[in-house]
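Labels below follow one simple rule: chain letters A, B, ... track the order of the sequence lines, proteins then strands, and each chain is numbered from 1. Small disclaimer: the values here were computed from a predicted structure and weren't measured.
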There are 2 protein chains.
Amino acid sequence: MSTAASRRRPATIHDVAREAGVSRGTVSRVLNGGHYVSPAAKAAVDAAIRRTGYVVNRHARSLITGKSDSVAFLLTEPQERFFEDPNFNVLLRACTQALADRDIPLILMIAGTEDERRRNLRYIEAGHVDGVLLVSSHSGDPVVARLHEAGVPVVACGKPLGQTTRIGYVAADDRDGAREMVRHLHATGRRRIATVTGPLDTPGGVERLAGYRETLAACGLPADDALVVTGDYSRASGAEAARTLLERAPDIDAVFVASDLMAQGVLDALARAGKRVPEDIAVGGFDDSPAALSSQPPLTTIRQPWDRISAEMVRTLLARIAGEDPATVILPTELVVRESA
Amino acid sequence: MSTAASRRRPATIHDVAREAGVSRGTVSRVLNGGHYVSPAAKAAVDAAIRRTGYVVNRHARSLITGKSDSVAFLLTEPQERFFEDPNFNVLLRACTQALADRDIPLILMIAGTEDERRRNLRYIEAGHVDGVLLVSSHSGDPVVARLHEAGVPVVACGKPLGQTTRIGYVAADDRDGAREMVRHLHATGRRRIATVTGPLDTPGGVERLAGYRETLAACGLPADDALVVTGDYSRASGAEAARTLLERAPDIDAVFVASDLMAQGVLDALARAGKRVPEDIAVGGFDDSPAALSSQPPLTTIRQPWDRISAEMVRTLLARIAGEDPATVILPTELVVRESA
DNA sequence: TTCTCTACTGTGAACGCTCACAGATGCATG
DNA sequence: CATGCATCTGTGAGCGTTCACAGTAGAGAA
């Protein structure tokens, strides 16, 4: 009799083999797809597994196969973004889920500092994970190159900028999302449309700006650099940008903001300047974060399909691990119209 | 010549031993603390490790030691809470960090559904992790009992309610935080102090309510059940609760709300009812979440020491894994005074 | 009948590590 | 000069798998 708190020795493949009256090899074959196993043997093994409560020892398996059957979720962002950006939550949750469906554990790694980066790379390069889901938006991140050099399968979230090596990634169609928003602003009668961009070393920064410019041109509106201000995705930078815009071009009637968080800052500043939204100035955000709903007024924004992004990241990573070439997947965004525009 | 993308066979303990001119055993001893190793041998091994770029194969080690040197972070909450509650972010981040400092990978598990719960338990019970950091606030969670039965070391975040088994946990001093907030409200002249509690099957729900009641009594204020309304930690439930309160007791001059998110809802409802905060009614929150700063007006709230909570969770879990008895740690909270009270 | 082919099964040898043990050395003690 | 002890070192076994290989049995073709 063992107490509740003592773990008893778990069943091994040997125990199962004995219980089923077959050899280790046969049990192993059943475990790995069941090819070249007679129906009778398979049934006996299945029953034995159920009786013994057998679960494979992944360490033993990994030792011989050389694969770990696990995947890292690596975040190389300065930590404040992790706290602020609700997208990470959604992404992390959905990736965990998608991997769990395939019985693959997710190892969470956060590399905000150089030291953490080194440590995590060391772990990954040692072959302790089969692949990496990478969240790193800044241009020229050395981690990307290191991972590529080490031959570790990687799929990034968002297009990795400033990389010479080809790396697979999954992203929302930022440019088209921006186009759609600006078209919407134009369609609702706005003619002096400004923009607050994200940092221009991030894909969201450059792509959304590009979409904005393209659409202005397509709508026959003049390009005016005074209407473009760059923020850093923080709420404060949004407020700052709005003040700059009002000063430079008091006649603007719309602002396309490259993130909801910054859009909140814009709303703050506009309210403080006595501008009514959307009557005087329409505001369009990006992300459809929870903040978009709770702001005053609720934000018209662009929804990124995070559930699909996660699913595709996992799918393409596993394909890459299985030997396929790096793939890039671009997924469509969706305009969500609320009260701010 | 291997291409950049091909992983070459990593160095083993054998290679290091040959390189250093010693035996496997000596290398192993260096790797595990360096006891009973001559300084000369240790130096030779260290150099050889550096030259060969050797990293232990954790699978091989785990196979023989029976330990995985990894820890699970298990979240058994319905997923909406994961999205909404910013505390999870902070906790997860800090735990990852604390574990990384000890070179222990964190495996993230999210068990919102019954199916996910089963799968994760199976994984854990198979001994694939050495211990579990458990985040599960609801009363009588069957996962707690299952883990205890399986003899897996567990440390919970917050006191696990409705459990017959003794289990280690780390928590903020909810009750004392509530006391402090109510004392503050009283000290600033409020005399009709209502409260919006969390769900009463969560520790935050019961403890904060208890602290509220104690302090009312201590201040000589009458207990009045009409001033107590229960929410579910969501913003909407906060608004709903505020409406109920205003109806039942229009003369209240303060509300202690058991979470910032609900407090936001309370602010919404009060604004809609034409009440000024804090002039007419003071509002106190709990959590010091980012929402507390961005609400109008910024919330006076209670900060929970999440960094310390995480650090203690990791510390006590590792102690538990090392064989110590389950410990409980209660950490002090801190009043953060802003404009709402 | 004999041979070949397919479907299935069992066996030894790894995988890279730790652990127990045996042995060697040096030094102080009786 | 033997004995004990502490410090250090190497060796073999074994952790629980998978994989390659050798083998068996039965069906069908020659």
Side-chain angles (χ1 to χ4, degrees), chain A residues 7-49 52-70 103 123 125-130 322, chain B residues 7-46 48-49 52-70 103 123 125-130:
Chain A
R7 302 196 206 193
R8 62 179 180 296
R9 186 181 144 300
T12 74
I13 203 172
H14 255 109
D15 302 327
V16 175
R18 189 164 4 90
E19 183 80 14
V22 299
S23 73
R24 282 163 22 237
T26 300
V27 176
S28 178
R29 276 182 287 264
V30 170
L31 255 33
N32 296 286
H35 299 301
Y36 288 90
V37 178
S38 68
K42 175 157 167 37
V45 169
D46 284 339
I49 287 176
T52 54
Y54 170 78
V55 180
V56 289
N57 182 322
R58 294 172 101 114
H59 300 306
R61 172 182 285 175
S62 293
L63 180 55
I64 188 150
T65 61
K67 320 195 63 213
S68 71
D69 286 323
S70 69
D103 230 16
Y123 187 89
E125 286 172 351
H128 293 321
V129 294
D130 293 340
Chain B
R7 302 196 207 193
R8 63 179 181 293
R9 187 179 146 295
T12 74
I13 202 173
H14 253 110
D15 302 326
V16 175
R18 191 166 2 91
E19 183 82 14
V22 299
S23 72
R24 285 164 18 237
T26 300
V27 178
S28 178
R29 275 183 288 265
V30 170
L31 256 33
N32 296 285
H35 298 301
Y36 288 91
V37 178
S38 67
K42 176 157 167 38
V45 169
D46 283 339
I49 288 177
T52 54
Y54 170 79
V55 181
V56 287
N57 182 322
R58 294 173 100 112
H59 300 305
R61 173 183 282 174
S62 293
L63 181 55
I64 186 147
T65 60
K67 320 195 64 213
S68 70
D69 286 322
S70 68
D103 230 16
Y123 187 90
E125 286 172 350
H128 293 321
V129 294
D130 293 341

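For A:R24 against C:dG12, a side-chain-to-base donor-acceptor contact under 3.5 Å is present.
The distance from atom CZ of A:R58 to atom P of C:dG16 is 20 Å, rounded to the nearest whole Å. Straight-line distance from the CG atom of A:N32 to the P atom of C:dT9: 15 Å, rounded to whole Å. D:dA6 atom C1' lies 14 Å from atom CZ of B:R29, rounded to whole Å. The distance between atom CZ of B:R18 and atom P of D:dG10, rounded to the nearest whole Å, is 14 Å. Rounded to an integer number of Å, the gap from B:H35 NE2 to D:dT7 C1' is 13 Å. Between the CZ atom of B:R61 and the C1' atom of D:dG14 there is a distance of 17 Å, rounded to whole Å. Atom NE2 in B:H128 sits roughly 12 Å away from atom C1' in D:dG16 (whole-Å rounding). Taking atom OH of A:Y36 as the reference point, atom C1' of D:dG26 lies 16 Å away to the nearest angstrom.
In this structure, the separation between CG on B:L31 and CG on B:D46 is 9.5 Å, given to the nearest 0.5 Å.
Closest to the side chain of A:A41, from the set C:dT9, C:dC17, D:dC8, is C:dT9. Nearest to the side chain of A:S23, among C:dG10, D:dA13, C:dC8, sits C:dG10. The A:L31 side chain lies nearest to D:dT18 when the options are D:dG16, C:dG10, D:dT18. The side chain of B:T26 approaches D:dG10 more closely than any other nucleotide in the set D:dG10, C:dT9, D:dT18. Ranking D:dT18, C:dG16, C:dT9 by closeness to the B:N57 side chain, first place goes to C:dG16. Taking only side-chain atoms of B:I64, from C-beta outward, the nucleotide of C:dC17, C:dT9, D:dT17 with the closest atom is C:dC17.
Considering all non-hydrogen atoms of both residues, A:R29 and A:H35 come closest at CD-O, 3.8 Å.
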Between B:L63 and A:N57, does the side-chain contact (heavy atoms from CB on, under 4.5 Å) criterion hold? Intermediate values first, please.
CA-CA 8 Å; B:L63 181 55; A:N57 182 322; 4.1 Å; yes

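Put simply, the side chain of B:D69 does not reach to within 4.5 Å of the side chain of B:D103, judged on heavy atoms.
Residue A:S38 places at least one side-chain N or O under 4.0 Å from the OP1 or OP2 atom of C:dT9. At the phosphate of C:dC17, OP1 or OP2 sits under 4.0 Å from a side-chain N or O atom of B:Y54.
Take the nearest nucleotide of DNA chain D for B:V37 and for B:A60: the residue whose nucleotide is more 5' is B:V37.
Although no hydrogens or angles enter the test, the distance criterion places a donor-acceptor pair under 3.5 Å between the side chain of B:T52 and the main chain of B:A48.
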